[in-house]
Amino acid sequence: MLAINLIREKKEFIIERLKVKNFDAEEIINKVLLLDSSRREIQSKTDMMQGEMNLISKEIGSLIKDGKRDEAEAAKQKTYGLKEEIKILSEKLIPIDNDLKSEILRLPNLPHESVPLGHGADDNIEVRHRGNKPQIPDNSLPHWDLIKKYDIIDFELGIKLTGAGFPVYKGKGAKLQRALISFFLDEGEKAGYQEVLPPIMVNEDSGFGTGQLPDKEGQMYHATLDNFYLVPTAEVPVTNIYRDVILNADILPIKNMAYTPCFRREAGSWGAHVRGLNRLHQFDKVEIVRIAHPDHSYESLEEMVKHVEGLVVKLDLPYRILRLCGGDMSFTSALTYDFEVWSAAQKRWLEVSSVSNFESFQANRLKCRFKEKGDKQTRLAHTLNGSALALPRIVAALLENNQTEAGIKIPKVLIPYTGFEMIS
RNA sequence: GGAGAGAUGGCAGAGUGGUCGAAUGCGGCGGUCUCGAAAACCGUUGUUCGCCUUCCGGCGAACCGGGGGUUCGAAUCCCCCUCUCUCCGCCA
């Protein structure tokens with residue numbers, strides 16, 4: 001949510017910036033400014049009247065204390081008209097407040113100045129790439145065939161238990177999941193992230209705080225009886241730890257990470273490229289989350305990119321890093337880097353991480369603020385997060401890229417975690 | 001699930017209709033003292049919105065779990081919701 005001050009002061013700037021996201025903000029902003037000024041006008045009036053009411057009430061109090069009943073009664077008469085006026089005005093304010101809020105919520109976050117113009121994936125800019133695409137034999141199999149061949153992930157069984165997109169990991173397949181999670185968490189710990197194990201269902205306030213609600217309601221599983229949502233990413237519970245808090249500036253940046261299963265309905269996004277592990281309703285992910293000082297949040301972002309890069313390097317996967325263009329970025333992000341790894345049998349890049357700076361956009365929804373030592377004013381913090389990493393596509397790439405006649409070779413760094421060197 | 005009790009500032013804890021944004025203690029911050037520190041003493045100490053102000057700030061409104069109501073006036077009375085605790089039941 002953009003700050004109202006910013007909208008008041010930098011209307012033209014916002015309109016220009018949002019063009020990068022191919023978003024025409026002019027109409028909404030005009031509406032916001034109109035609603036905002038009538039809101040302020042009404043509030044000034046009611047504040048004044050309420051002040052008058054308070055004065056009279058105090059007067060009545062002391063009159064009664066002095067036993068001046070008649071005068072007190074006369075003073076009471078004065079309040080009735082005022083009270084009615086205040087009521088009318090404050091009732092007028094309610095829809096204005098609601099409209100104002102919902103209009104502001106329609107505005108996406110401003111893209112950072114380095115965000116390239118563009119409409120879709122083709123316009124993203126490759127920041128760098130590393131690793132050679134492995135040469136695998138012509139009879140190599142895509143991962144959905146490999147998992148069957150070695151019986152490590154069972155989609156049909158998942159369908160029986162739950163439905164499509166809820167795979168069952170078995171034997172070495174299950175162990176590989178656990179190994180990756182542990183590896184990612186250990187690497188995160190080395191990089192100074194505190195591990196948290198949060199609830200994987202959250203309430204409405206949390207869903208709102210990170211921006212899933214109200215717009216992306218249909219993307220989350222909803223436990224209606226209790227009105228809880230299954231988390232689509234650990235970002236939601238971990239970032240919401242800092243909802244409604246005022247932090248001391250000197251503890252920034254806060255660095256947390258969490259492993260959680262992630263649940264996504266993926267309504268309307270099933271198509272040709274989603275076979276096997278490419279898209280699931282439930283998957284595992286380790287997420288890194290930071291709360292940063294606005295002056296240093298981009299340093300944080302770069303550190304996070306480096307960290308994620310370290311992971312794919314250690315797993316020996318060919319990867320590329322993309323700076324997302326305005327049209328491909330999320331509603332809430334100011335700058336996003338995507339990581340993609342090469343999937344040798346599918347012969348395509350798979351997105352395995354998305355690292356973003358949300359600047360104060362989420363923080364404004366969350367009311368996550370900080371205070372500089374000795375300063376009276378609170379300021380909005382910056383929030384950032386990134387996958388480090390999401391498992392399924394990493395597994396897909398590992399299986400495909402490392403397949404040999406004898407079986408699938410496990411990357412060196414994972415062997416201490418798996419306890420085996422080969423899936424065969 | 002049943003019965004009861006409760007929710008007050010960073011924390012603890014008073015306050016049951018009238019200058020109560022809220023006593024007191026702790027903590028935090030600033031100062032005195034000290035070479036420095038501790039102790040002691042003095043002072044200070046929330047958030048949001050609006051209006052005014054060149055800065056410092058000033059004035060007003062709102063906030064005592066959340067929402068609604070009664071009243072000239074609500075932390076205090078009434079209703080609904082949420083959460084916490086105690087006992088019972090069930091249970092990994």
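Proteins come first, then strands; the chains are lettered A, B, ... in the order of their sequence lines, and each starts at number 1.
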When the P atoms of U45(B) and G21(B) are compared, how many Å lie between them, rounded to an integer? 16 Å
Using a strict cut-off of less than 4.0 Å between a Lys/Arg side-chain nitrogen and an Asp/Glu carboxylate oxygen, indicate whether K11(A) and E26(A) qualify as a salt bridge. no
Between E85(A) and K45(A), does any NZ, NE, NH1 or NH2 come within less than 4.0 Å of an OD or OE carboxylate oxygen? no
So, OP1 or OP2 of A62(B): does either fall under 4.0 Å of a side-chain N or O from Q50(A)? yes
Which base sits across from A75(B) as a Watson-Crick or G-U pair, both distances under 3.5 Å? none
Could you walk me through whether D36(A) and R39(A) pass salt bridge (charged side-chain N to carboxylate O under 4.0 Å, His left out), step by step? CA-CA 5 Å; D36(A) 180 53; R39(A) 200 205 104 231; 3.3 Å; yes
Who is the Watson-Crick or G-U wobble partner of C56(B), with both distances under 3.5 Å? none
Going by atom types alone, do T336(A) and S333(A) pair a side-chain donor with an acceptor below 3.5 Å? yes
Pairing partner of C87(B) (Watson-Crick or G-U wobble, both distances under 3.5 Å): G2(B)
Within less than 4.0 Å of OP1 or OP2 of U48(B), is there a side-chain N or O belonging to T378(A)? yes
In whole angstroms, how far is the P atom of U48(B) from the CG atom of D97(A)? 17 Å
Any strand is fair game: report the nucleotide pairing with A40(B) by Watson-Crick or G-U wobble, both distances under 3.5 Å, or none. U32(B)
Taking the same atom, P, in C56(B) and in G17(B), what whole-Å distance lies between them? 43 Å
Around atom CE of M49(A), are there more than 12 heavy atoms from other residues, nucleotides or ligands closer than 6.0 Å? yes
In whole angstrom, give me the gap between the P atoms of C49(B) and G36(B). 43 Å
Using both distances under 3.5 Å as the test, list the Watson-Crick or G-U wobble partner of A61(B), or none. U48(B)
Take N109(A) and E359(A) through the side chain to side chain donor-acceptor pair (under 3.5 Å) test and state the conclusion after the steps. CA-CA 9 Å; N109(A) 197 8; E359(A) 297 193 1; 5.5 Å; no
Between Y193(A) and N256(A), does the side chain to side chain donor-acceptor pair (under 3.5 Å) criterion hold? Intermediate values first, please. CA-CA 5 Å; Y193(A) 291 89; N256(A) 282 323; over 6 Å; no
Taking A75(B) as the reference, what is the distance to U16(B) when you measure between their C1' atoms (whole Å, please)? 9 Å
When you measure from the side-chain N and O atoms of K367(A) to the phosphate of U47(B), is any distance below 4.0 Å, counting only OP1 and OP2? no
Regarding K371(A), tell me which of base, sugar-phosphate or nothing describes its non-hydrogen contacts under 4.0 Å with the strands shown. sugar-phosphate
Rounded off to whole Å, could you give me the CD-to-P distance for the E71(A) and G18(B) pair? 21 Å
Check whether NZ of the Lys or CZ of the Arg R379(A) lies under 6.0 Å from the centre of the six-membered ring of F370(A) and within 45 degrees of that ring's axis. no
Mind telling me whether F331(A) and F361(A) have parallel, tilted or perpendicular rings, with 30° and 60° as the class edges? perpendicular
Rounded interatomic separation in angstrom, taking CG from D244(A) and P from G9(B): 14 Å
Suppose you measure atom P in G30(B) against the same atom in G46(B); what distance do you get, rounded to whole Å? 15 Å
Between CG of N203(A) and C1' of G66(B) the distance, given in whole Å, is 13 Å
Sugar-phosphate means primed atoms, P, OP1 and OP2; the rest is base. With that split, encode nucleotides 67-82 of chain B 5' to 3' as B, S or - using protein heavy atoms under 4.0 Å. -----BS---------
Specify the separation, in whole Å, of atom CG of D205(A) and atom C1' of C83(B). 13 Å
Would you mind pulling out the nucleotide paired to C20(B), Watson-Crick or G-U wobble, both distances under 3.5 Å? none
Between F358(A) and H382(A), is the ring centre distance below 6.0 Å? no
L55(A) CG to C59(B) C1', in whole Å, measures 13 Å
Taking only the C1' atom of each, what is the distance from U76(B) to G58(B) in whole angstrom? 32 Å
Polar atom pairs between nucleotides 49-52 of chain B and protein, under 3.5 Å, N or O only, would you list them?
unit_1, atom_1, unit_2, atom_2, d
C49(B), O3', R39(A), NH2, 2.9
C49(B), O2', R39(A), NH2, 3.1
C49(B), O2', Q43(A), OE1, 2.3
C49(B), O2', Q43(A), NE2, 3.0
C49(B), O2, Q43(A), NE2, 3.3
G50(B), OP1, R8(A), NH2, 2.8
G50(B), O4', Q43(A), NE2, 3.4
G50(B), O2', S44(A), OG, 2.6

Test the K172(A)-F420(A) pair against the cation-pi criterion, namely NZ or CZ under 6.0 angstrom from the six-membered ring centroid and within 45° of the ring axis. yes
Sticking with atom C1', work out how far A14(B) lies from G9(B), rounded to a whole angstrom. 13 Å
Rounding to the closest angstrom, what is the interatomic distance between A74(B) and G68(B) at atom C1'? 14 Å
Using purine N1 to pyrimidine N3 plus N6-O4 or O6-N4 for Watson-Crick, or N1-O2 and O6-N3 for G-U wobble, each under 3.5 Å, what pairs with A7(B)? U82(B)
With nearest nucleotide decided by heavy atoms, which residue, S62(A) or T46(A), maps closer to the 5′ end of RNA chain B? S62(A)
